[in-house]
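In listed order, ligands and their atoms are each counted from 1. Quick caveat: nothing in here was measured; it's all calculated off a predicted structure.
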Amino acid sequence: MSAIENQGRPVELGDVQGLVRFGHKHLTEACFLLLQVKDPAAARAWLAQAPVTSAVKTDRLPETALQVALTSEGLRALQVAPDLCDGFAAEFVAGMASDAARARRLGDVGVNDPERWLWGAGERVPHVAVLLYARAGRLPAWEQEIEAQCAAGFVRIERLSTSGAQLKEPFGFDDGISQPNVEWELERPVLDRDQLEYGNLTCLGEFLLGYPNEYGLYTPRPLLAPQRDPGGLLLRAEDAPDQADVGRNGCYLVIRQLQQDVPGFWRELDRQAGGDPDLRERLAAAMVGRTKDGEPLAAPGGQPVAGVAPMPQSTRNEFTYRDDPRGLRCPLGAHIRRANPRNADLPPGGRGLLSRLWRMLGFNSAALEQDLVASTRFHRLLRRGRKYGDDAARAAAAATGSPPGAETGIHFICLVANIKRQFEFVQSAWLMGSRFAGLTESDPLLGHRLPDAGNCPTDGFSMPQADGPDRRLSGLPQFVTVRGGAYFFLPGIRALRYLDTARREGSRCQGTYWGR
Ligand code: HEM
């Protein structure tokens, strides 16, 4: 098994699903099959030998890739031992559409209500997501092959198509520029207390279970007594070496189908700009925080940021908002500033003990606003989504404001080790939150525009001005509608194989396990 060597603790890349390390960008075609179990034994048998793509780099890039993830309903339908399912995070066990309070926090209200979803709620919660990727022209054959393999164990409830891995998302902005730089080498000291500035290098344990996270802790996950794994399929837990680690090398995968009203977005910007084409582009860029070509508004010249991976995009990613505290260049409420405020653990300042104490106690008034949205390092997401809908129709719709015909949008996908602290926090506190950084508005792209709990309107967007009151857009309509979603577990490949024995072992253990 290929491994990245580090301090004697190798990362077992052959056990990690490839999507964690690669976006499979060269595999321009993709579709996501959402399945329900019809025959648990046949379904487990397929999972035990499915040709899942690992994170090992090969000399020649693969022609196709397959990744497999399961919901908690899926684990139950596979008849996996109940205590194993319950060892996962509560929000995964409950599911994305499980209750009204979660729906409210995530912004799944009004037309986003799970009751209206195409999939992900009620009888239409998928058990397994089969993510298929292929080089141009190769997807139909690959999909047919995998569907034939799955036929005995599963029924398909939804097929999410995609339209290429190109850079532009449907509104027309470059996407996929900013990603955390995952620290596969595990060289950085765990719980780096000296990291007081924003950095892009992020602990592996923020994305993969079984490794220390940014708190220097191991995220809870199911650990089993070794008797439950007599075949020795599972790796032992680093933090509990006498336990078999079901989570090791796995992570949570969040999918949300987000429909974008492309003509509505540009029509509204035309209205707000009074028909001025330059102004419409500037307003759109202010809402995103980047121009359509991906140039950040905050620091067009760039500023060095520790851990920005050397790649073509790095110049477009080397910036923070430190020199723009009021949001004069990039509004505080711009989508990318909300989604990643690029703040450090503490507001910026000197490194001395006194200075640290001063800032910890909040006496640095200039940094107070930043303090409200601090600790970005605990809320990073690895984004792996793909857009869907017809590109040509979309371009025509953006130019003319006419309907694009078929639905268009993003299958938003992110990978995290902690759904609550990462995805749910970013989505609810930063994006949908109507009290972010002193503003009374929610994300300009994603907001549902309904009044908040205090009955305050959330349909505005503020652009601070150097020489006067904020310029404010109001009455914005909803541009993005949630059409489906679910929380999945993307297991390590050993754990996926283990599921086939988990039921037998689980049931055999049950008598003694519950009896004690
Ligand atoms: C249809 C919905 C969405 C659209 C059109 C959209 C669009 C964009 C665009 C154009 C960028 C800039 C490109 C980049 O920096 O990589 C971006 C960045 C980002 N988006 Fe979204 N996005 C959507 C939904 C979401 C959701 C649901 C989340 C999280 C829950 C999210 C989180 C982020 C993050 C974390 C960044 C990177 C920010 C940074 O590090 O500077 N986005 N998005």
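Closest to atom 5 (C) of ligand 1, if we only count protein heavy atoms, is Glu169 OE1, 3.2 Å. At the top of the distance list for atom 40 (O) of ligand 1, counting protein heavy atoms only, stands Ser178 OG, 2.5 Å. With hydrogens left out, the protein atom closest to atom 18 (C) of ligand 1 is Arg383 NH1, 3.3 Å, a heavy atom. Scanning the protein heavy atoms around atom 12 (C) of ligand 1, the nearest turns out to be Ile336 CG2, 3.6 Å. Protein heavy atom nearest atom 30 (C) of ligand 1, with residue, atom name and distance: Gln427 OE1, 3.4 Å. For atom 35 (C) of ligand 1, the closest non-hydrogen atom on the protein side is Ala339 CB, 3.6 Å. Of all protein heavy atoms, the one lying nearest to atom 9 (C) of ligand 1 is Asp175 OD1, 3.7 Å. For atom 22 (N) of ligand 1, the closest non-hydrogen atom of the protein is His335 NE2, 3.0 Å.
Residue Asn340 places at least one N or O, backbone or side chain, under 3.5 Å from an N or O of ligand 1.
Across every non-hydrogen atom of Leu106 and Met96, the tightest pair is CD1-CG, 4.0 Å. Closest approach of Val52 to Gln67, counting heavy atoms only: CG1-NE2, 4.0 Å.
Taking every non-hydrogen atom of Val288 and a distance limit under 4.0 Å, the qualifying atoms of ligand 1 come out as 10 (C). Residue-ligand proximity, Phe423 to ligand 1, at heavy-atom distances under 4.0 Å covers atoms 30 (C). Here is the list of ligand 1 atoms found below 4.0 Å of a heavy atom in Leu381: 29 (C). Which parts of ligand 1 touch Phe173 is read off a 4.0 Å heavy-atom cut-off, strictly below it: atoms 10 (C).
Residue contacts with ligand 1, taken as heavy atom pairs separated by less than 4.0 Å, do not involve Gln179 at all. When non-hydrogen atoms are compared, ligand 1 lies under 4.0 Å from the backbone of Ile177 as well as from its side chain. Only side-chain heavy atoms of Gln260 come within less than 4.0 Å of ligand 1; its backbone N, CA, C and O stay farther off. Residue contacts with ligand 1, taken as heavy atom pairs separated by less than 4.0 Å, do not involve Asn317 at all.
Of the listed residues (Lys168, Arg342, Gln422), the one carrying the non-hydrogen atom nearest atom 41 (O) of ligand 1 is Arg342. Of the candidates Phe412, Phe425, Phe479, it is Phe412 that places a heavy atom closest to atom 28 (C) of ligand 1.
A cation-pi contact, defined as under 6.0 Å to the ring centre and within 45° of the axis, links Arg449 to Phe479.
The local environment of CZ in Arg159 is crowded, with over 12 non-hydrogen atoms from other residues, nucleotides or ligands closer than 6.0 Å.
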Working note: Glu424 + Arg102, criterion salt bridge (Lys or Arg N to Asp or Glu O under 4.0 Å); need CA distance, chi angles, decisive distance, verdict. CA-CA 9 Å; Glu424 288 196 344; Arg102 168 165 289 109; 2.8 Å; yes

Could you go through the side-chain hydrogen bond (donor to acceptor under 3.5 Å, both in side chains) check for Tyr211 and Asn249 one step at a time? CA-CA 8 Å; Tyr211 299 87; Asn249 294 325; 2.7 Å; yes

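With hydrogens and angles ignored, the 3.5 Å screen pairs no side-chain donor or acceptor of Arg290 with any backbone N or O of Ile177.
Distances shorter than 4.0 angstrom occur between a heavy atom of Gly176 and an atom of ligand 1.
With salt bridges taken as basic N to acidic carboxylate O contacts below 4.0 Å, one links Glu206 and Arg421. For Asp452 and Arg435, the salt-bridge test passes: some basic side-chain N is under 4.0 Å from an acidic carboxylate O. Between Asp293 and Lys168 there is a salt bridge, since a side-chain N of the basic residue sits under 4.0 Å from a carboxylate O of the acidic one. Between Glu214 and Arg380 there is no salt bridge, since no side-chain nitrogen of the basic residue lies less than 4.0 Å from a carboxylate oxygen of the acidic one.
Separation of the Tyr487 and Phe489 ring centroids does not fall under the 6.0 Å cut-off.
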